[in-house]
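By convention in this document, chain letters (A, B, ...) are assigned in the order of the sequence lines, proteins followed by strands, and residues within each chain are numbered from 1. Everything numeric here is computed off the predicted structure, so don't read it as measured data. Just the heavy atoms: all of them, side chains too, but no hydrogens, waters or symmetry mates, feed the values below.
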Amino acid sequence: AQSVTQLGSHVSVSEGALVLLRCNYSSSVPPYLFWYVQYPNQGLQLLLKYTTGATLVKGINGFEAEFKKSETSFHLTKPSAHMSDAAEYFCAARNTGNQFYFGTGTSLTVIP
Amino acid sequence: GAGVSQSPSNKVTEKGKDVELRCDPISGHTALYWYRQRLGQGLEFLIYFQGNSAPDKSGLPSDRFSAERTGESVSTLTIQRTQQEDSAVYLCASSLLGTVNQPQHFGDGTRLSIL
């Protein structure tokens, strides 16, 4: 079965610093991968999605994710954190059976 | 365009009562999912509807939980004889099928509190 692991349930960065949120998937066949963001009292909003053949995927709000098949990873980055980036981030994988598998989430705190 | 709509946004009820939560998916989305999110935790899969196929109910935690969907429209999640551990945010998502890199689109959830 597919699974998604997010390392670090809480990440704190200073405003203007690099954001790195880690996600690893477990599958011999790379699934379709997504990053979502959840602001307080809201549902999940799509940040970006993996496109077959791409290694670097660009999303909204300046976020990017790099797909590395050799490391089974899909880490999320942003060069410079803003206060408004403080939220919960979820990595998700979709298999060909249309089932989605979510990581346990990473809470990002941005320190002014 | 309209997104996924869930109602009510908040529901407070007494232990032992039944509750019904509603989800209006994005028009044309054949797949619909229900998740439970307890405070400070990730998403717990409950049930998945795909068109007119039999739903995947493998995530329902007990027989007190049930869900229905008519065709590709509204879905209702029913919790009977509610218990305090049912307190959570219940999220609904819909998705297109046919192309596997289609994401899920989420509603804002129903926050359920059992007294």
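Aromatic rings of A:F90 and A:Y36 (six-membered ring for Trp) have centroids beyond the 6.0 Å cut-off, not under it.
Ring geometry for A:Y50 against A:F67 counts as tilted: the plane angle lies between 30° and 60°, on a 0 to 90° scale.
Proximity to chain A among residues 14-50 of chain B is limited to B:Y33, B:Y35, B:Q37, B:Q41, B:G42, B:L43, B:F45, B:Y48, B:Q50, judged by heavy-atom separations below 4.5 angstrom.
The shortest side-chain heavy-atom distance between A:F34 and A:F74 does not fall under the 4.5 Å cut-off.
The backbone N or O of A:N61 sits less than 3.5 Å from a side-chain atom of A:K78, completing a donor-acceptor pair.
Partners of B:N10 according to the side-chain hydrogen bond (donor to acceptor under 3.5 Å, both in side chains) rule, which considers only residues two or more places apart in sequence or in another chain, do not exist here. With sequence neighbours excluded, the residues satisfying side-chain hydrogen bond (donor to acceptor under 3.5 Å, both in side chains) with B:S95 are A:R94.
Pairs passing the side-chain hydrogen bond (donor to acceptor under 3.5 Å, both in side chains) check and including a residue from residues 4-16 of chain A, sequence neighbours excluded, read A:Q6-A:T106.
Residue contact with chain B, scored on non-hydrogen atoms closer than 4.5 Å, involves the backbone and the side chain of A:L44 alike. Proximity to chain B is absent for every atom of A:Q45, based on heavy atoms less than 4.5 angstrom apart.
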